[in-house]
Amino acid sequence: MKWRRFVSLPILAVLILMEMVYYGTVFIFLDDWIGLQSSAGWLNAVIFTSLASLTLFSFLVCVLTDPGGVPSGYFPDIENNDGSDQESRKAEALQKRCDKCSAYKPPRAHHCRVCRRCVLKMDHHCTWINNCVGQRNYKAFFLLVVYATISSFHSLVLIIGCGIQKDWEFARTTRLKTFYITSGAMISLLSLTLGTLLGWHIYLLTHNMTTIEYYEGTRAAWLARKSGQIYKHTYDVGVYRNVTMILGPSMLKWLCPTALSHVKDGTSFPTVRDTL
């Protein structure tokens, strides 16, 4: 059952962290600074609650959505390969066989040692969602990082604002000062970490590249430079097409992690040569 994925210490830690950040931001810092009864406090509470809810929803979708497995009986289309003759085409097809699964795998699919199977368009195995990030749940993972980053920066602004306006001469309690400093440091670190992760995945998204492909491409680019050539990622078909293949053709559905009607079967992908 998919719900068994929640039996995981990292997932429990993420859920506890979400609860702590939400409660502290809304009911401690926001209430202390502006007051939840004021219009500004109420508006900030609604915005932060909405962001927190979207973060939680995206997290659940990441955990529960199968990233995509190789269809049973899949066999690579030898006729479409670039070999000069039948023997070379067969040799290329054999290279796409997974020894661990004893089956052929599509382009961009990789074997996950944790999940013990090949995953379509695998990006990486994420301990924090106890699941692989692949063809079917990469959009949810990307939106999870987006919403979590915005939420953490919103929380950081509220903590800083509350700390600046507080009368520290009146509140001489060392414990209270320690609490504010610790909370600010933790949210700052969280915001920095999530912001860096978001920047990384924006780069991957706009280049239609997975984390695995990035590291594979680094070596390919180095070899190309040594031979005086220019390396071009095979699946980078332009920023707009790259983005719409992940988020969808309709901008109205970009922010919904479950809007996946545009996602293909994951066994074939458009390449640079298709756009020429």
Side-chain angles (χ1 to χ4, degrees), residues 3 6 8-65 126 128-129 137 139-202 247-248 250-259:
W3 291 100
F6 286 97
S8 165
L9 287 177
I11 287 184
L12 180 61
V14 170
L15 293 174
I16 292 175
L17 178 62
M18 286 185 183
E19 182 180 1
M20 289 175 58
V21 171
Y22 178 78
Y23 181 85
T25 300
V26 176
F27 297 104
I28 297 179
F29 299 109
L30 180 59
D31 190 29
D32 188 25
W33 180 22
I34 307 175
L36 295 178
Q37 303 303 319
S38 66
S39 57
W42 179 84
L43 180 60
N44 272 278
V46 169
I47 293 174
F48 189 78
T49 300
S50 300
L51 288 170
S53 299
L54 289 168
T55 302
L56 178 59
F57 180 59
S58 299
F59 178 75
L60 297 177
V61 173
C62 284
V63 175
L64 296 174
T65 302
C126 183
W128 302 107
I129 64 172
N137 67 349
K139 178 181 178 179
F141 178 81
F142 179 77
L143 291 178
L144 167 63
V145 178
V146 170
Y147 293 134
T149 301
I150 297 174
S151 299
S152 62
F153 274 103
H154 189 184
S155 176
L156 181 60
V157 169
L158 294 176
I159 292 175
I160 293 175
C162 184
I164 291 175
Q165 66 82 39
K166 196 165 187 65
D167 186 356
W168 291 107
E169 292 185 3
F170 178 75
R172 296 179 180 177
T173 311
T174 305
R175 289 183 180 179
L176 184 61
K177 293 181 180 179
T178 303
F179 173 73
Y180 268 75
I181 294 173
T182 303
S183 298
M186 288 179 60
I187 295 299
S188 297
L189 180 60
L190 181 63
S191 300
L192 178 62
T193 302
L194 289 172
T196 303
L197 183 62
L198 177 59
W200 168 247
H201 279 281
I202 288 176
L247 302 182
S250 174
M251 294 183 67
L252 295 175
K253 298 180 180 180
W254 278 13
L255 300 181
C256 179
T258 55

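If you're wondering where the values come from, they're calculated on a predicted model, not measured in any experiment. Just so it is clear, the values below take in all heavy atoms, side chains as well, and ignore hydrogens, waters and symmetry mates.
Residues passing the ring-ring contact (aromatic ring centres under 6.0 Å, His included) test with Phe29, sequence neighbours excluded: Phe179, Tyr180. His201 is linked by a ring-ring contact (aromatic ring centres under 6.0 Å, His included) to Tyr138, Phe141, counting only residues two or more places apart in sequence or in another chain. Take Ile34 and apply the side chain to side chain contact (heavy atoms under 4.5 Å, CB included) test, not counting sequence neighbours, and it matches Leu30, Ser38, Ala40, Asn44. For the side chain to side chain contact (heavy atoms under 4.5 Å, CB included) test, residues two or more places apart in sequence or in another chain that qualify with Leu43 are Ile47. For Ser58, there are no side-chain hydrogen bond (donor to acceptor under 3.5 Å, both in side chains) partners, not counting sequence neighbours. Among residues two or more places apart in sequence or in another chain, the ring-ring contact (aromatic ring centres under 6.0 Å, His included) test is passed with Trp254 by none. With sequence neighbours left out, Val46 forms a side chain to side chain contact (heavy atoms under 4.5 Å, CB included) with Trp42, Ser50.
A pairwise comparison of heavy atoms in Ala45 and Leu36 identifies CB-CD2, 4.1 Å as the closest pair. Across every non-hydrogen atom of Cys62 and Ala140, the tightest pair is SG-C, 3.4 Å. Residues Ile159 and Ser183 approach most closely at CD1-O, 4.2 Å, considering heavy atoms.
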Working for side-chain contact (heavy atoms from CB on, under 4.5 Å), residues Phe48 and Val21: CA-CA 11 Å; Phe48 189 78; Val21 171; 4.2 Å; yes
Criterion side-chain contact (heavy atoms from CB on, under 4.5 Å) on Phe6 and Leu64, from CA distance to verdict: CA-CA 9 Å; Phe6 286 97; Leu64 296 174; 3.5 Å; yes
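Atoms CG and OG, on Leu156 and Ser151 in that order, are 12.5 Å from each other to the nearest 0.5 Å. One finds the CG atom of Leu60 at 12.0 Å from the OG1 atom of Thr258 (value rounded to the nearest 0.5 Å). From Met20, atom CE reaches atom OG1 of Thr25 across 10.5 Å, with rounding to the nearest 0.5 Å. Leu54 contributes atom CG, which lies 15.0 Å from atom CZ of Phe59 (distance to the nearest 0.5 angstrom).
Residues Phe142 and Ile202 have side chains in contact (heavy-atom distance under 4.5 Å, counting atoms from C-beta outward). In this structure, the side chains of Phe57 and Leu143 stay at 4.5 Å or more apart for every pair of heavy atoms.
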Under 3.5 Å, which donor-acceptor pairs do the side chains of residues 185-199 form with other protein atoms, sequence neighbours left out?
unit_1: Ser188; atom_1: OG; unit_2: Gly184; atom_2: O; d: 2.7
unit_1: Ser191; atom_1: OG; unit_2: Ser152; atom_2: O; d: 3.3
unit_1: Ser191; atom_1: OG; unit_2: Ser152; atom_2: OG; d: 3.4
unit_1: Ser191; atom_1: OG; unit_2: Ile187; atom_2: O; d: 2.8
unit_1: Thr193; atom_1: OG1; unit_2: Leu189; atom_2: O; d: 2.8
unit_1: Thr196; atom_1: OG1; unit_2: Leu192; atom_2: O; d: 2.8

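Among residues at least two apart or in separate chains, side-chain hydrogen bond (donor to acceptor under 3.5 Å, both in side chains) pairs with a member in residues 8-24 are Tyr22-Thr49. For residues 22-46, every residue pair satisfying the salt bridge (Lys or Arg N to Asp or Glu O under 4.0 Å) rule, not counting sequence neighbours, is listed here: Asp32-Lys166. Residue pairs meeting the side-chain hydrogen bond (donor to acceptor under 3.5 Å, both in side chains) criterion with at least one member in residues 139-148: none, sequence neighbours excluded. Applying the salt bridge (Lys or Arg N to Asp or Glu O under 4.0 Å) test to residues at least two apart or on different chains, none of the pairs has a partner in residues 38-52.
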